[in-house]
There are 2 protein chains.
Amino acid sequence: MAVTIKDVARKANVSISTVSRVINDSKPVSDEIRQRVLKVIEELGYTPNPVARSLVMKKSQLIGVIVPNISNYFIGEMLNGVEEIGKMYNYDILLCNSYGELEQELKYLSLLKSKQVEGIIFMTWNLKKEHKEFLEKIDIPVVMINRNTSDINIPSVCIDHFGAAYEMTNYLINKGHKKIALIRTGIGNDAFGVDQYKGYTKALKEHNIEIDESLIKNGDFKLEKAYDSVVEMIKNNNLPTAIFATSDYMAIGAMNALIDNGFKVPDDVSVVGFNDIKLASMYRPKLTTIKQPIYDIGAVAIRIIIKKIKGEEEDKTLFVLPHELIERDSCRSLV
Amino acid sequence: MAVTIKDVARKANVSISTVSRVINDSKPVSDEIRQRVLKVIEELGYTPNPVARSLVMKKSQLIGVIVPNISNYFIGEMLNGVEEIGKMYNYDILLCNSYGELEQELKYLSLLKSKQVEGIIFMTWNLKKEHKEFLEKIDIPVVMINRNTSDINIPSVCIDHFGAAYEMTNYLINKGHKKIALIRTGIGNDAFGVDQYKGYTKALKEHNIEIDESLIKNGDFKLEKAYDSVVEMIKNNNLPTAIFATSDYMAIGAMNALIDNGFKVPDDVSVVGFNDIKLASMYRPKLTTIKQPIYDIGAVAIRIIIKKIKGEEEDKTLFVLPHELIERDSCRSLV
DNA sequence: TTGTAAGCGTTATCAG
DNA sequence: CTGATAACGCTTACAA
């Protein structure tokens with residue numbers, strides 16, 4: 001059996017309260033006794049039982065994280081940020097993988113609550129009504145990642161998707177592209193797909209380029225659908241000079257479709273992405289893309305949680321981090 | 001305040017033990033009372049406090065996982081397996097990211113123990129003496145991933161690296177390659193790099209191909225070093241007809257070096273990898289590689305832990321899962 | 001079948 | 001400054 005506070009107290013000839021005091025520095029203890037207790041603790045190799053501690057303090061030092069898929073670079077890197085900052089503040093991460101399924105997500109949300117986690121970082125592809133209902137009455141801090149949560153009172157950390165898409169589209173236009181396809185994601189209001197779309201159309205309009213609906217495709221963050229969309233464009237003889245995919249995976253899918261059909265990137269068609277996952281610089285040609293500060297997104301998310309736990313209320317609901325356009329080799333200049 | 005077992009007992013007009021019995025099915029309870037209690041539980045929305053439960057049961061329902069880096073496909077996918085099976089058995093995952101640093105790993109190992117986790121899945125790039133000392137005296141189940149643990153008494157789940165490398169080398173030879181470079185990893189005894197090396201040399205010897213040390217490079221799982229190794233080969237005019245990299249990332253690094261220097265894969269040089277990470281089929285040309293059952297590795301690892309927790313001793317120490325050679329487009333036949 | 005009461009290892013309150 | 005002692009919410013002998 002592990003050694004408990006009692007063992008220490010007995011061996012040091014003091015009461016357990018005294019031991020508790022020295023391990024917590026909570027109340028003054030005479031130096032002599034403190035030393036004695038410390039020595040016994042050392043000898044016995046005593047470590048306080050965090051479970052017992054949690055029970056009385058009603059704190060678990062646990063933060064729950066729900067993600068749709070761990071083996072995804074964006075999510076993994078965000079998790080790195082969460083984990084590192086969490087550990088700095090002595091919080092552990094309880095990991096839940098929802099596979100993006102509503103039912104799982106709801107289940108985990110209540111599971112985490114029942115596990116007494118002190119906060120939840122919740123990442124989902126689609127923020128549904130059911131989520132919102134739950135989130136609105138939950139009494140522990142929750143923060144979301146890259147969702148538009150302005151209608152519910154949940155903080156969210158993200159980048160300026162509108163601005164980023166606007167910037168990227170302008171970049172393309174400045175390179176002489178006029179026929180620019182958009183493979184986008186997140187049609188829902190909670191997602192930033194709509195903001196990206198607005199950024200794209202705004203840039204186009206400002207340059208008097210007409211919006212061609214046949215060049216706007218819906219994707220799902222993954223390669224396959226983007227691949228198929230491009231194959232379709234090829235079949236329809238409706239290839240643009242540039243493709244803007246709002247996720248790097250989709251951009252890769254687009255490039256693969258092009259390459260597999262004998263086109264060259266960027267010589268025949270330019271392709272740009274969004275996120276700057278590791279892969280973006282590993283693929284050939286290296287992908288021009290929008291860099292999201294992924295690690296920082298995770299770090300900021302958990303910082304918000306910790307602040308809320310400490311009772312420091314933040315009134316902001318959207319935490320917007322800076323992005324950056326990373327110019328690499330997948331876009332060709334037409335001018 | 002959350003509702004407790006007492007509240008339920010009071011409202012249902014029974015003792016707390018009775019409530020405990022119905023929620024645990026531990027002892028017979030008359031049907032009438034059971035219904036009554038269940039109803040109250042429902043009404044009050046009661047969920048047992050797992051912290052209190054852990055305290056008395058001395059079980060946390062927590063399994064600690066230490067990995068060197070979350071944003072890595074292999075690790076993420078393994079984690080998917082761990083998480084999914086863990087949840088099936090009602091275990092939660094406490095995630096620790098060590099960045100592969102010895103000190104962090106040691107810290108987490110004891111942290112997890114003090115957190116009363118019931119088992120630990122420990123993944124590291126290098127299994128050092130310090131780890132072994134710790135692991136030898138720890139009294140909770142630990143399992144490792146892809147390490148050769150035959151000298152300590154810790155189970156490890158892996159594939160047959162010797163066989164896989166042998167198979168791949170033979171594949172290359174059968175395609176007519178004779179000048180085959182090896183970019184390998186894990187020189188230590190705990191790692192399977194040595195086994196892979198043996199598989200490679202065995203195949204070569206069996207075909208009377210002399211081993212050319214100038215074609216054997218040490219890598220570190222990452223792209224950069226492999227990239228540099230290949231650049232060096234190019235500079236030295238010592239390019240083989242095929243490169244076997246023992247990680248897909250390194251294979252990509254090798255291909256990038258080739259492509260960036262004007263060579264074509266596989267037309268000029270063939271490249272094959274190891275692991276079959278997602279990227280392997282996303283890159284162009286698609287990478288021929290050895291597929292490790294990554295998800296299953298995680299799943300098996302946690303199953304072993306759970307079995308050990310239940311006291312079902314396993315005497316095996318190496319759990320070898322099947323691998324598969326996946327033939328794609330990065331290798332050309334010379335015959 | 002049900003209830004009483006003794007823990008589990010801490011922290012916190014209140015006397016001394 | 002120090003020590004009893006009552007919680008925290010739950011499980012589990014032991015009694016009834």
Side-chain angles (χ1 to χ4, degrees), chain A residues 1-41 44-62 90 92 111 113-118 139-140, chain B residues 1-41 44-62 90 111 113-118 140:
Chain A
M1 201 52 248
V3 16
T4 77
I5 198 172
K6 272 187 195 163
D7 304 319
V8 177
R10 193 174 316 122
K11 185 152 181 196
N13 244 301
V14 293
S15 72
I16 58 168
S17 347
T18 304
V19 178
S20 175
R21 276 165 201 139
V22 352
I23 59 185
N24 294 304
D25 269 335
S26 46
K27 290 259 178 93
V29 174
S30 75
D31 229 36
E32 185 205 331
I33 292 197
R34 152 167 284 111
Q35 294 311 327
R36 184 151 35 114
V37 171
L38 251 21
K39 190 156 157 266
V40 174
I41 288 180
L44 262 36
Y46 165 73
T47 53
N49 179 330
V51 177
R53 205 173 238 175
S54 293
L55 182 60
V56 21
M57 313 259 280
K58 293 170 177 313
K59 287 188 166 197
S60 59
Q61 293 292 96
L62 249 31
N90 235 297
D92 284 305
L111 178 78
K113 191 164 148 47
S114 93
K115 290 267 179 184
Q116 329 273 304
V117 300
E118 296 186 47
D139 54 355
I140 50 181
Chain B
M1 201 49 253
V3 15
T4 76
I5 198 173
K6 272 187 197 162
D7 303 320
V8 178
R10 194 175 317 122
K11 185 151 184 202
N13 243 300
V14 294
S15 71
I16 59 169
S17 7
T18 303
V19 178
S20 174
R21 276 164 202 140
V22 353
I23 59 187
N24 295 303
D25 268 334
S26 46
K27 288 261 176 93
V29 175
S30 75
D31 229 36
E32 185 205 333
I33 293 198
R34 149 167 287 112
Q35 295 311 327
R36 182 152 33 113
V37 171
L38 251 20
K39 188 154 159 268
V40 174
I41 288 180
L44 262 36
Y46 165 74
T47 54
N49 179 329
V51 177
R53 203 174 239 176
S54 292
L55 183 59
V56 18
M57 312 265 278
K58 293 170 176 315
K59 288 187 165 198
S60 59
Q61 293 293 98
L62 248 33
N90 236 298
L111 178 78
K113 191 166 149 45
S114 92
K115 289 269 180 182
Q116 329 273 306
V117 299
E118 298 187 47
I140 50 181

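So that the names make sense, note that chain A is the first sequence line, chain B the second, and so on, each numbered from 1.
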ask   = Do any side-chain nitrogens or oxygens of A:S15 fall under 4.0 Å of OP1 or OP2 in D:dT2?
value = no

ask   = Which heavy atom in A:R34 sits nearest to a heavy atom in A:V29, and how many Å separate them?
value = NH1-O, 3.4 Å

remark   = CD (B:Q61) and NZ (B:K59) are apart, to the nearest 0.5 Å, by 6.5 Å

query = Under 4.0 angstrom, heavy atoms only, what part of the nucleic acid is A:P50 near: base, sugar-phosphate, or nothing?
reply = nothing

query = Do you know the tightest heavy-atom contact between A:Y46 and A:V3?
reply = CD1-O, 3.3 Å

ask   = Contact class for A:V14 (heavy atom, under 4.0 Å): base, sugar-phosphate, or nothing?
value = sugar-phosphate

Interatomic distance, A:N13 CG vs D:dC1 P [rounded to whole Å] = 20 Å

Nearest heavy atoms of A:V37 and A:V14, plus distance in Å = CG2-CG2, 4.0 Å

ask   = Between B:K59 (NZ) and D:dG9 (C1'), how many Å, whole number?
value = 19 Å

Nearest-angstrom distance from the residue atom CG of B:N49 to P of D:dC10 = 5 Å

request  = Rounded to the nearest 0.5 Å, what's the gap from CD on A:E118 to OG on A:S60? Could you check?
outcome  = 4.5 Å

inquiry  = Rounded to whole Å, please give me the gap between CD1 in A:I5 and P in C:dA12.
reply    = 11 Å

note = B:L55 CG to C:dG9 P, in whole Å, measures 7 Å

inquiry  = For a quick check under 3.5 Å, do B:S17 and B:S20 share a side-chain donor-acceptor pair by atom type?
reply    = no

task = Could you check how far CG of A:D7 sits from P of C:dC8, rounded to whole Å?
result = 11 Å

request  = Figure out the NZ/P separation between A:K6 and C:dG7, and round it to whole Å.
outcome  = 8 Å

query = Residues in side-chain hydrogen bond (donor to acceptor under 3.5 Å, both in side chains) with B:R36, at least two apart?
reply = none

note = In whole angstroms, the gap separating P of D:dT2 from CG of A:D25 amounts to 14 Å

message = What's the closest nucleotide to the side chain of B:A52 if the choices are C:dG3, D:dG9, C:dT11?
response = D:dG9

Enumerate the protein-to-nucleotides 12-16 of chain D contacts in which both atoms are nitrogen or oxygen and the separation is below 3.5 Å.
residue, atom, partner, partner atom, Å
D:dA13, N6, B:R21, NH2, 3.3

